[in-house]
Every structure is written in C-alpha cells, then in structure tokens.
Trainee: 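Dropping the structure in here first, questions after.
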There are 2 protein chains.
Amino acid sequence: MALAPSQLDASPAAHGASPSRAATLTDVSRQTGLSVATVSRVLNGRPNVSDTARRKVNAAAKTLGYRANAAARALVRQRTDNIGVVFPNIDNDFFREVLVGINHAARQSGRHLMVAFALDAEDEPDLIAEYLSGGRVDGLIVLNIRQSSDALGDLTQESIPVVLVAGPAERRKDRHMVRMANEQGADDAVTHLLEHGRRRLAILDGAPNNSDAVERAAGARRALDRAGIDRGDVRFWEGNFFEDTGYDAVHRAVATGEMPDAIFAANDSMALGAMQALRELGRRVPDDVAVMGFDDLPAADHYGLSTVRAPLREMGAESARVAIELIEAGVPTGPLACHDRVMPTSLICRSSCGCPACTRPPASAAAY
Amino acid sequence: MALAPSQLDASPAAHGASPSRAATLTDVSRQTGLSVATVSRVLNGRPNVSDTARRKVNAAAKTLGYRANAAARALVRQRTDNIGVVFPNIDNDFFREVLVGINHAARQSGRHLMVAFALDAEDEPDLIAEYLSGGRVDGLIVLNIRQSSDALGDLTQESIPVVLVAGPAERRKDRHMVRMANEQGADDAVTHLLEHGRRRLAILDGAPNNSDAVERAAGARRALDRAGIDRGDVRFWEGNFFEDTGYDAVHRAVATGEMPDAIFAANDSMALGAMQALRELGRRVPDDVAVMGFDDLPAADHYGLSTVRAPLREMGAESARVAIELIEAGVPTGPLACHDRVMPTSLICRSSCGCPACTRPPASAAAY
DNA sequence: AAGGGCTGTGGAAACGTTTCCATCCGAATT
DNA sequence: AATTCGGATGGAAACGTTTCCACAGCCCTT
C-alpha cells in the first residue's frame with residue numbers, strides 16, 4: 001500500500017552476475033509494488049488494468065528478465081502447450097521432412113515439441129503410453145505406427161488427442177489420420193507415361209504388407225484400366241521398396257526378353273536401382289525405357305528421375321494442425337468424426353520420363 | 001483415522017469409459033485410505049513405509065492407471081527432466097543421426113527431449129532464449145550454432161547448462177562442446193592412400209569458412225608432411241562441400257593434364273561428384289584414381305566409396321551425456337573447466353580406395 | 001442525494017507434487 | 001517400569017502460476 005514513488009532499492013539480483021534463479025511473478029510484484037494478480041493480468045494482456053500499472057509491470061519484467069515458469073503455468077492451466085511426437089524405431093528417410101513440417105505448424109501456434117524415437121519395436125508402446133498420461137503433452141502425433149504395436153486402444157479412453165501420420169489403412173475410420181494421396185499419385189505417374197505414348201509398361205511393386213505400396217499399386221492399376229490398356233502389355237514386378245529389387249527386376253526382364261518401354265516404380269529407391277541396371281545394360285533412359293518413381297528423394301533430383309513428390313512436410317504440418325484443432329476443441333471428440341486428411345502429391349518431371357515439354361518446377365517449399 | 005477395512009466404495013471412475021481426467025495422488029490416497037505423503041513415498045521408492053502400505057498403494061496406482069503429473073513434479077522439484085535441442089534452420093543431412101544419438105542417451109537416463117528447428121537465421125536466437133529461461137528444460141543442446149547468432153553470451157549468466165555440438169572452433173575454451181576428430185580423420189584417410197603407394201594426391205577442400213573443412217584440410221596436410229611428400233606432387237583443389245565442385249574439379253584437372261592418382265575429398269558429396277566425373281571421363285576407380293571421402297553418407301555405401309565415418313550418433317549421445325552430467329552437477333560449473341569432447345572417426349574401406357585387404361566393417365551401430 | 005454500474009486492484013484458493021516436521025506406536029534398553 | 005529410540009504415518013507448507021471473488025472508488029443516472 002505505502003508505495004514510495006521511484007524506489008530503486010537494491011532488488012534481488014537485477015541482472016547480476018551469478019547464474020541466479022529465474023525471476024518470478026513475486027519478484028516483479030515486489031519491484032512494482034503491485035500484487036501478483038495485477039502483474040499476471042498485465043503479462044497476459046488481460047483487460048481491466050490501468051496504463052500506469054501496465055507500464056510499470058512491463059518495465060520491471062524486462063529488467064528482471066522475467067519469463068513465466070512453464071511448469072507452474074501448465075499446472076494451473078491444465079495444459080502444457082506441448083505436442084508429443086513419437087517416431088518408430090525403423091530408420092526412415094522421411095522422418096526429417098515430416099518433423100520439419102510439424103515443427104513449423106507447432107511453432108506458428110506457439111507450441112513446443114517433445115520428440116522421442118522408439119529404441120526398438122517393443123519400446124514404441126511404452127513410449128506412447130508414457131505420453132498418453134503424465135500430463136507432459138496436450139496431444140500426440142505418432143508416425144507410421146507399426147501395425148502390431150497398438151498401445152492405442154479405444155480413442156474414447158484417451159485423455160489427449162492422438163493423430164496418426166501414415167498409419168495403417170484399417171484404422172482410418174477409427175483414428176485421426178493424416179496421409180498422402182498414394183493412389184492418385186501413382187495414377188498420375190502412370191497416366192503421365194501413357195500420355196507419352198508408352199504402352200508396354202512394367203509396374204514395380206512395393207512390399208505387399210506396406211499400405212503405401214498397396215495403395216500405389218492400386219493407383220497404377222486404376223490408371224491402366226481407365227486408359228483401357230491391354231493387361232497383356234503390362235508386367236507386374238515384385239519388389240520390396242529396396243533398391244536392389246529394382247535393379248534385379250530389370251536384369252530379370254532382360255534375361256526373359258520382356259523389356260518394357262516404361263517402368264513405374266512404387267518408390268524412388270527401386271526406380272534408381274532400375275535406372276542403374278538399365279545403364280549397365282546399355283539401355284538409354286528415357287529413350288529406350290522411361291522411368292518414374294515415387295517419393296522425390298534428394299537423389300531423384302540428382303539423377304534426373306521423374307517422380308511423384310510425397311508431401312512430407314505438408315503431412316507433418318497438417319498432423320500438427322489437426323492435433324492443435326483437437327486440443328482446442330477439448331477432449332470429447334468421441335469415436336465418431338475421425339479426421340482423415342489426405343495430402344496431395346505432385347508430379348515432378350525431370351528427364352527420366354522423357355517429356356521435353358515438362359520443366360522441373362522450382363524446388364521451393366514455400367507453403368507448408 | 002477411522003479406516004473401515006476393505007472399503008470398496010465406488011471410487012471415482014476406477015477405469016471408467018469417458019476420457020476422464022487423469023488420476024492424482026489424492027485419488028490413490030482416497031482409495032487406499034493412506035495419506036498422500038505415504039502414497040508419494042511408496043511411488044518414489046522411498047524408505048520407511050510398511051510393506052502393507054506399499055502393496056496397497058501399488059495395487060491402487062495400477063488400478064487407477066496413476067502416473068505422476070509432470071508439471072506438478074517439475075514445479076516442486078525445480079527440475080523438469082527435459083533436455084532442449086535446437087537445430088539450425090539450415091538443411092542438414094546429419095541432423096537425424098545426431099538426434100537419434102541424443103534420443104538414445106536421454107532416454108537411457110529417463111529424460112525427455114524438447115526439439116525445435118529454427119525457422120530461419122533470425123529465429124535461432126529467439127529459440128535459444130526461449131529455452132534458456134522459462135523452466136521448460138534443465139539443459140540445452142545446440143547444434144551447429146551459426147557463428148553470428150550468439151544469443152549465447154556468458155556461460156556464467158545462464159541458469160541451465162548449454163552444450164554445443166559441432167560449434168565454432170573459437171568457442172572451445174569458452175563453451176562446453178562436443179565435436180568430431182576432423183583432423184585425425186582426414187589424416188587417417190590421406191595416410192591410408194599413401195600406404196597404398198599413391199603419391200600424386202589431390203586434396204579437395206571444403207568451404208573455407210567452415211570449421212569442419214578447415215580442420216579436415218589441416219589433417220590432410222599433417223599426413224602429407226609426416227610422410228615427407230613433395231608438395232609439388234600435391235594439388236589443392238578448391239571446393240565448397242557441394243557435389244558439383246567435386247565434379248568440376250576433376251573436369252578441370254583433366255583439361256590441364258594434372259590428373260592425380262588419388263583424391264581425398266573433404267566430404268562424401270564432393271567425392272561422389274568426383275567419382276561421377278571420373279566415370280564419365282573413362283577413368284577407373286580405384287585403378288586409375290583412388291578416391292576417399294569424409295562423412296559416410298548412405299550414398300557412400302551404395303557407390304563403394306571409401307570414406308571416414310563421422311561419428312554422428314556418438315556426438316549426439318555424448319552431447320546428451322555431457323548435458324546430463326552438467327545438470328546433475330548443479331548450476332555453477334563456472335567459466336572454467338569447459339568440456340571439449342572429441343569423438344573419434346573411423347576409416348571405412350570400400351572399393352574406391354583400392355585396397356583389397358581392407359574389408360568393410362559391419363554397418364553396425366552397436367554402441368553409441 | 002442516493003443508488004447502481006463500471007474499473008482497477010488485492011487476497012486467496014487452486015493445480016498436483018514432494019518433503020519437512022510432528023506425532024504415535026511398539027520394541028529395546030536401562 | 002520408566003525411558004529412549006526408530007519406524008511408520010499424516011498434516012501442512014512450498015513450488016509459481018492463474019483466476020475467482022470481494023472491495024473500494026468513481027461517474028452517471030434518476
């Protein structure tokens with residue numbers, strides 16, 4: 001009450017030397033002579049505070065280097081402003097791009113990321129369970145969850161929202177999910193090859209238990225059917241997403257004399273393997289055989305591989321946006337109304353598809 | 001006091017349906033009839049609790065799915081068990097490996113990771129400042145901090161320990177740092193080439209303002225000097241770590257007729273560029289020209305490039321260990337006694353160095 | 001002139017832990 | 001049998017916020 005004006009008393013370590021403890025609301029309160037309630041109101045931009053008080057508090061907070069303690073705030077607000085991100089233990093090239101997208105969206109909303117990689121397959125459920133309770137995060141993003149590890153039971157049991165990125169297809173009605181348009185992307189690629197007059201196609205398949213692979217194969221078939229291509233002209237080659245299966249498939253084809261005039265590989269790794277085999281065998285790309293892949297790995301650019309870009313950053317950013325949306329909507333999102341956001345792919349024409357008209361779009365990442 | 005034995009009253013949502021709020025210590029206390037103090041003691045494995053109480057509490061905690069609230073615990077313990085990790089905005093292939101290493105060490109110590117990427121160069125200092133105060137993390141790891149963005153002033157001013165990974169050389173005595181043995185690695189690579197009888201060497205340099213590049217070049221020079229190689233036999237080619245500078249350098253060499261019999265490139269990207277140029281020019285690797293790189297990118301394996309493995313996971317893990325060590329030691333680590341941990345590199349012989357004796361070590365990552 | 005509605009402010013409770021301190025009890029010591 | 005000791009337990013404070021509620025002025029209306 002007795003507020004001596006302009007009291008510049010030796011406040012506790014104004015910006016002193018030692019790594020002193022962080023300033024608290026009480027410190028600001030003492031320095032300004034105002035109550036912690038008022039100080040808190042100013043610092044949170046709440047109404048009903050006089051301009052005088054506002055000025056004093058802001059000045060003192062700046063001097064003291066005040067920053068609200070996250071734990072105390074989380075405790076009373078019942079909200080941490082953190083989002084958890086769980087990665088599978090499997091080494092995955094995409095991971096970085098997805099995380100960059102998540103980071104972008106999270107930071108735009110002023111939230112922070114808690115990131116964890118499963119150390120092994122058994123570790124994943126533990127990790128998820130750890131984030132689901134404990135109040136460490138307000139929402140959880142799980143990448144590429146392994147089919148088996150359903151630490152996730154019933155959506156309605158959970159106290160925080162969970163968003164799956166590139167999760168198993170069968171959980172789509174059951175879980176909030178963000179994925180890419182695998183089918184449309186593959187359709188686009190095959191259609192592109194057909195539009196360039198290629199007719200004797202080979203489809204290099206991915207691992208059959210991988211949902212990306214299955215969907216891409218389906219997209220390729222859809223394009224072939226729509227164009228009315230004779231199935232006798234199409235070869236379906238088995239692969240498993242690894243480079244050597246692309247390489248081997250081409251060598252087998254040359255052995256049996258069944259070389260196509262175009263190859264669509266369900267991912268870039270296999271496409272690059274196929275291109276290497278073609279080069280070794282003296283076949284020219286794209287003159288003799290056109291090749292398209294899927295994913296748009298950095299290496300694709302380097303080798304001029306035309307491909308379908310997997311919108312990884314967009315998927316990451318979208319998953320964060322969905323999580324935030326669910327967090328802000330409050331807990332009871334119920335079992336109904338699951339999100340299933342499908343991020344569009346885009347065709348990237350380089351040299352391997354053999355269309356001179358197409359120019360490579362800028363490698364920008366403007367909006368995600 | 002009046003504890004009715006075996007009271008199985010309708011506890012608040014034992015494991016009910018709705019996404020009810022998480023169980024608290026008070027819930028467990030009510031269910032067991034014991035005080036929160038005792039419950040807390042049991043759950044933290046503290047002594048001076050009867051076995052009866054221990055059993056009752058553990059059972060109730062399990063039934064209720066109790067997990068301690070992180071914010072409340074952090075508030076009273078003045079410690080979050082979180083470690084912050086800040087990445088520069090620059091796209092960096094290494095980032096993932098480093099993070100995996102950090103994750104491993106952090107999780108082994110039961111800590112969690114808060115990860116953030118700087119959105120752009122100006123963003124980095126903000127990010128660092130945000131983690132330095134606010135009590136969100138107990139320690140901070142900053143990767144590859146940009147020379148300019150010294151949001152980091154004086155070590156002694158900071159309230160939490162900060163560890164730099166691959167930071168600027170000039171801060172080594174000033175800051176806790178974890179880095180790799182660039183000089184020794186480059187020395188090893190050049191020595192290896194010399195041991196195979198190569199004498200007309202070319203050293204493909206990295207960007208001169210990059211400390212990794214400078215150190216690697218110094219290591220190469222050290223090996224040459226020690227072997228007493230005539231400097232007239234050695235060419236120093238300028239590069240900037242990008243693939244095309246390796247490619248161009250080889251083309252220039254062939255134009256001037258100064259083709260060496262071995263090339264050491266300061267990183268794999270340039271080495272791969274050089275190899276591609278050699279292939280195009282009809283020179284055989286390693287027969288005509290041996291090539292070695294540095295980093296051990298995934299692509300190095302694919303192209304049989306012999307190289308020096310950059311111990312990225314180890315650097316990550318070590319940085320986390322240093323951070324944890326500093327956290328546990330308490331704040332006042334003072335300006336003296338800065339850590340400068342140098343993680344050893346290792347020679348990876350594949351086919352491009354031309355030594356049949358060397359076999360490729362397993363691609364394990366056993367211990368990090 | 002009295003009442004009512006705003007505005008600015010402070011006190012105090014609450015969030016969920018951990019931990020200090022006091023208390024109580026039974027067993028061991030004198 | 002009186003005393004001490006140590007183990008088991010509960011009460012309550014503390015951590016740093018936010019926010020509800022009460023209250024004191026003040027201006028405006030009737």
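Lettering follows sequence order; numbering is per chain, from 1.
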Trainee: Could you report the tightest heavy-atom contact between A:F87 and A:L99, atom names first, then the distance?
Mentor: CZ-CB, 4.0 Å
Trainee: Heavy atoms from C-beta onward define the side chain here; which of D:dT19, D:dG16, D:dT9 lies closest to that of B:Q78?
Mentor: D:dG16
Trainee: Rounding to an integer number of Å, can you tell me how far B:D138 CG sits from D:dC15 P?
Mentor: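 In whole Å, D:dC15 P lies 18 Å from B:D138 CG.
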Trainee: When you get a sec, tell me which of C:dG11, C:dT7, D:dG16 is the closest nucleotide to the side chain of A:L75?
Mentor: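 Side chain of A:L75 sits closest to D:dG16.
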Trainee: From C-beta outward on A:R77, which listed nucleotide comes closest to its side chain: C:dC15, D:dT18, C:dG10?
Mentor: D:dT18
Trainee: Under 4.0 Å, heavy atoms only, any strand: does A:A71 hit a base, just the sugar-phosphate, or nothing?
Mentor: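 Contact class for A:A71: none.
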Trainee: Out of C:dG8, C:dG16, D:dT17, which has the shortest distance to the side chain of A:N69?
Mentor: D:dT17
Trainee: On DNA chain D, does the nearest nucleotide to A:V36 precede the nearest nucleotide to B:V49 from the 5' side, or the other way round? Give the residue.
Mentor: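 Result of the comparison: B:V49.
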Trainee: For B:R136 and D:dT17, what is the distance between atoms CZ and P respectively, to the nearest whole Å?
Mentor: 12 Å
Trainee: Are any of A:S50's side-chain N or O atoms less than 4.0 Å away from OP1 or OP2 of C:dT7?
Mentor: no
Trainee: Looking only at the side chain of A:S40 (C-beta and beyond, no hydrogens), which of the listed nucleotides D:dT18, C:dG11, D:dC15 gets closest?
Mentor: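 Comparing D:dT18, C:dG11, D:dC15 against the side chain of A:S40, the answer is D:dT18.
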Trainee: What is the distance, to the nearest angstrom, from the CG atom on B:L64 to the C1' atom on C:dG16?
Mentor: 15 Å
Trainee: Taking the side chain of B:R41 as heavy atoms from C-beta outward, which of D:dG11, D:dT9, C:dG11 is closest to it?
Mentor: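 In terms of side-chain proximity for B:R41, the closest of D:dG11, D:dT9, C:dG11 is D:dT9.
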Trainee: To check you understand the geometry: which heavy-atom pair defines the closest contact between B:L25 and B:S40, and what is its length?
Mentor: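 Nearest pair, atom of B:L25 first, then B:S40: CD1-CB, 3.9 Å.
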Trainee: Are B:T38 and D:dG10 close enough that a side-chain N or O sits under 4.0 Å from OP1 or OP2?
Mentor: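 Yes, within the criterion.
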Trainee: Name the nucleic acid region contacted by B:A68, choosing base, sugar-phosphate or nothing; use a 4.0 angstrom heavy-atom cut-off, strictly under.
Mentor: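 Here B:A68 touches the backbone only, sparing every base.
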Trainee: Pick base, sugar-phosphate or nothing for B:A53, based on heavy-atom distances below 4.0 Å to the nucleic acid.
Mentor: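 Since only primed, P, OP1 and OP2 atoms lie under 4.0 Å of B:A53, the category is sugar-phosphate.
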Trainee: Are any of B:N48's side-chain N or O atoms less than 4.0 Å away from OP1 or OP2 of D:dT9?
Mentor: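 So the side chain of B:N48 is outside the cut-off, no N or O lying under 4.0 Å from OP1 or OP2 of D:dT9.
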Trainee: For A:S35 and A:T38, does a side-chain donor sit closer than 3.5 Å to a side-chain acceptor?
Mentor: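 Checked: A:S35/A:T38 side chains pair up, N/O donor to acceptor below 3.5 Å.
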Trainee: Apply the test ring pair (Phe, Tyr, Trp, His ring centres under 6.0 Å) to residues A:H104 and B:F117: give CA-CA distance (whole Å), side-chain angles for both, the deciding distance (0.1 Å), then the verdict.
Mentor: CA-CA 8 Å; A:H104 193 90; B:F117 296 71; over 10 Å; no
Trainee: Counting side-chain heavy atoms from C-beta on, which of C:dG11, D:dG10, C:dT17 comes nearest to B:R73?
Mentor: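 Taking heavy atoms from C-beta onward, the closest nucleotide is C:dT17.
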Trainee: What nucleotide, of D:dA8, C:dT17, D:dC15, holds the atom closest to the side chain of B:L25?
Mentor: C:dT17
Trainee: What is the ring orientation for B:H339 with B:H176, classed by angle as parallel under 30°, tilted 30 to 60°, or perpendicular over 60°?
Mentor: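 B:H339 and B:H176: tilted rings.
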Trainee: What is the distance, to the nearest angstrom, from the CG atom on B:D81 to the C1' atom on C:dT18?
Mentor: 14 Å
Trainee: Rounded to whole angstrom units, what separation is found between the OH atom of B:Y66 and the P atom of C:dT18?
Mentor: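 Atom-to-atom, B:Y66 to C:dT18, this comes out as 6 Å.
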Trainee: Write down the distance between CZ (A:R30) and C1' (D:dG16), rounded to a whole number of angstrom.
Mentor: 13 Å
